[in-house]
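Worksheet: the structure to be examined is printed underneath.
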Amino acid sequence: GKVVKQRMRIINEPTAASIAYAFDKKKDQKIAVFDLGGGTFDVSILDVGDDGVFQVLSTNGDTHLGGDDFDQVLMDYLADEFKKEHGADLRKDPMAMQRLKQAAEQAKKDLSSQANTDVNLPFITMDENRNPLHLVRSISRNQFERMADHLIERCKKPVLAALKDAKLTPNQVDEVVLVGGMTRMPRVQQLVKEIFGKEGHKGVNPDEVVAVGAAIQGAQLLLGAAADIQLLDVTPLTLGIKTLGGVLTPMITRNTTIPTRKSETYTTAADNQPSVEVEVYQGERPMADDNKKIGSFHLDGIQPAPARVPKIEVTFELDANGVLSVTAKDLGTNKQQSIRIEGSSGMTKEEVERMKRDAELHAEEDKKKREFAEAKNEAENRVHAVEKMMQEAGDKLTDADKAPVTTAVQKVREAIPRGDLGALKSATSGLDAAATAMAQHVASKAGGPGAEPGPTAEKKDGGDDVMDAEYEVKK
């Protein structure tokens, strides 16, 4: 018969490791999985319930930190020392570097279990006179740890970030599971103890624990309803939509437990807008275009209406396998459109971590962009509301009544393209003051007690929670 292979579910390595560790323990505890492998570093914080529910609280890591980096430290040291002694640069000899890499990796392993090791590579290269040269060097564990100290320090930041996202302190973690060959290094184990105040768990083979956990999860999926465990994972990056001003409005934030569903109500940005384009992005930066666009679709057939009147309900639904369904529904006509995005990120682990690093590196710049975009949206809302008020007032307002407001509106419109946040806020405040004076003047002429102070973002009738993040008109 034909063998049919089916992908049941994808889980990350730290999650698999936690399953292998806690599968037969069945007690309520918080677990940190510290996974320092050959090429990457990952950390996950999980809540393991006594009912067999494994809930991932947060994940973090560094995709450019692993055993290969520790090998490189030793290679650089040996190559530099050889050049000092013999004047020959091994980096120019590919064959010599291959031998050096193998020797460095073995030395690294030896120093995890012994205090000193010798690197002996006879006939590694030749001098200018074609005489053979030999590399012989003794390395102590202390030497190696000093060389690699900057790499050890890099492990701290992802661990602390994962704890912060999980809303836990280090002493609230019950057990730390060590995964990956590099966790055999005594200095790495010491770092774990420094952070968490306890020794890392060594009862599971760090080279096999991921495979064991994945096998357990596969067996549980085959059992279906009879399974003993249930895995609740998290989304690695924020999912949201692009709204007025190019802002990314989050729908499902990073480290949200999946499956999950979230709905928000939005509105239109222009009068008689016939359609909206829903653009779906993934990433951590506040401006949509700085993130990764993963899908888009149009919702047509919106009934003609003034700006900010139609109500568009957008729903994000993310299932346990990372499949994202996005639906937009016009609550006035009940027309709706949707998109299904398989493997919502479509990104490698390296790309996910790069996007997180980019968000950190550009945090200050992005904050300024977002503040200006929000101020611009607010200013345009004010202008729209004031012009609408003047139009509705009709002949109750003379040209002299309108003049201060018209001038203030012009100042706001001139401030927007200049990109100066302070000038824009000042112009908007001036518009508010002018509009308030005009409204009070109209009310006094009508013999009323006064009017509400200047136009703000319009009130939502019926208590509906409508987001002040309108869609742009797409032409």
Side-chain angles (χ1 to χ4, degrees), residues 10 233-254 256 258-348 351-352 355 359 369-370 373-374 376-377 380-381 460 464-475:
I10 296 175
D233 214 333
V234 295
T235 180
L237 291 170
T238 295
L239 295 162
I241 62 173
K242 184 177 185 179
T243 53
L244 189 65
V247 173
L248 176 68
T249 300
M251 291 290 292
I252 298 175
T253 56
R254 176 166 65 98
T256 296
I258 56 176
T260 188
R261 177 187 174 94
K262 182 72 180 295
S263 295
E264 293 286 0
T265 303
Y266 298 86
T267 185
T268 53
D271 293 336
N272 302 317
Q273 188 172 327
S275 68
V276 295
E277 182 180 14
V278 179
E279 298 179 85
V280 184
Y281 287 81
Q282 185 171 40
E284 298 306 313
R285 300 182 66 180
M287 304 307 292
D289 289 341
D290 292 327
N291 298 287
K292 182 176 180 180
K293 185 176 180 179
I294 58 174
S296 66
F297 62 92
H298 282 85
L299 174 64
D300 299 313
I302 299 174
Q303 288 184 341
R308 300 164 182 81
V309 171
K311 294 177 182 177
I312 313 296
E313 183 182 66
V314 177
T315 301
F316 274 44
E317 188 167 2
L318 187 63
D319 71 14
N321 293 310
V323 178
L324 175 66
S325 298
V326 182
T327 302
K329 180 179 180 181
D330 180 358
L331 298 181
T333 63
N334 285 328
K335 290 184 178 180
Q336 68 178 43
Q337 189 60 262
S338 62
I339 187 173
R340 178 181 168 90
I341 304 171
E342 297 278 350
S344 58
S345 71
M347 286 187 278
T348 63
E351 288 176 311
V352 170
M355 295 190 79
K369 284 183 181 179
R370 174 125 195 177
E374 290 174 345
K376 176 176 175 287
N377 290 347
E380 290 174 342
N381 283 344
K460 313 300 187 246
D464 292 323
D465 185 15
V466 181
M467 298 283 286
D468 287 324
E470 297 83 7
Y471 287 103
E472 297 182 65
V473 182
K474 298 297 178 181
K475 298 181 180 179

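For clarity, every value in this text was computed on a predicted model and none was experimentally measured.
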Atom pair [atom1] ([X]) and [atom2] ([Y]), whose distance is rounded to the nearest 0.5 Å:
X	Y	atom1	atom2	value
Gln337	Asp300	CD	CG	8.0 Å
Gln303	Asn272	CD	CG	11.5 Å
Thr256	Leu318	OG1	CG	9.0 Å
Ile341	Phe316	CD1	CZ	7.0 Å
Leu299	Ser275	CG	OG	8.0 Å
Thr327	Arg261	OG1	CZ	7.5 Å

Does any part of the side chain of [Y], heavy atoms only, come nearer than 4.5 Å to the side chain of [X], both counted from C-beta?
X	Y	result
Asp271	Pro306	yes
Ile312	Ile302	yes
Leu244	Glu380	yes
Val276	Tyr266	no
Thr315	Lys329	no
Ile294	Leu239	yes

Once salt bridge (Lys or Arg N to Asp or Glu O under 4.0 Å) is applied, do any residues pair with [X], and if so which ones, sequence neighbours excluded?
X	answer
Asp290	Arg285, Lys369
Lys335	none
Asp319	none

Would you check if the side chain of Asp330 reaches a backbone N or O of Pro310 as a donor-acceptor pair within less than 3.5 Å?
no
Under 3.5 Å, is there a donor-acceptor pair between the side chain of Thr268 and the main chain of Ala307?
no
The test is side-chain contact (heavy atoms from CB on, under 4.5 Å); show your working for Thr235 and Leu324 and say whether it passes.
CA-CA 11 Å; Thr235 180; Leu324 175 66; over 6 Å; no
Looking at every heavy atom in both [X] and [Y], which two are closest together, and how far apart are they?
X	Y	value
Gly301	Thr333	O-CG2, 4.1 Å
Thr267	Val309	OG1-N, 3.6 Å
Val247	Ala373	CG2-CB, 3.6 Å
Gly245	Met287	O-CE, 3.4 Å
Gln273	Ala270	OE1-N, 3.2 Å
Arg254	Thr238	N-OG1, 3.1 Å

For Glu313 and Thr265, run side chain to side chain donor-acceptor pair (under 3.5 Å): C-alpha distance rounded to whole Å, both residues' side-chain angles, the deciding distance at 0.1 Å, then the answer.
CA-CA 4 Å; Glu313 183 182 66; Thr265 303; 4.8 Å; no
Kindly indicate, with the supporting measurements, whether the criterion side-chain contact (heavy atoms from CB on, under 4.5 Å) is fulfilled by Val280 and Met251.
CA-CA 10 Å; Val280 184; Met251 291 290 292; over 6 Å; no
Let me know which of Thr249, Asn291, Asp289 forms a side-chain hydrogen bond (donor to acceptor under 3.5 Å, both in side chains) with Lys242.
Asp289
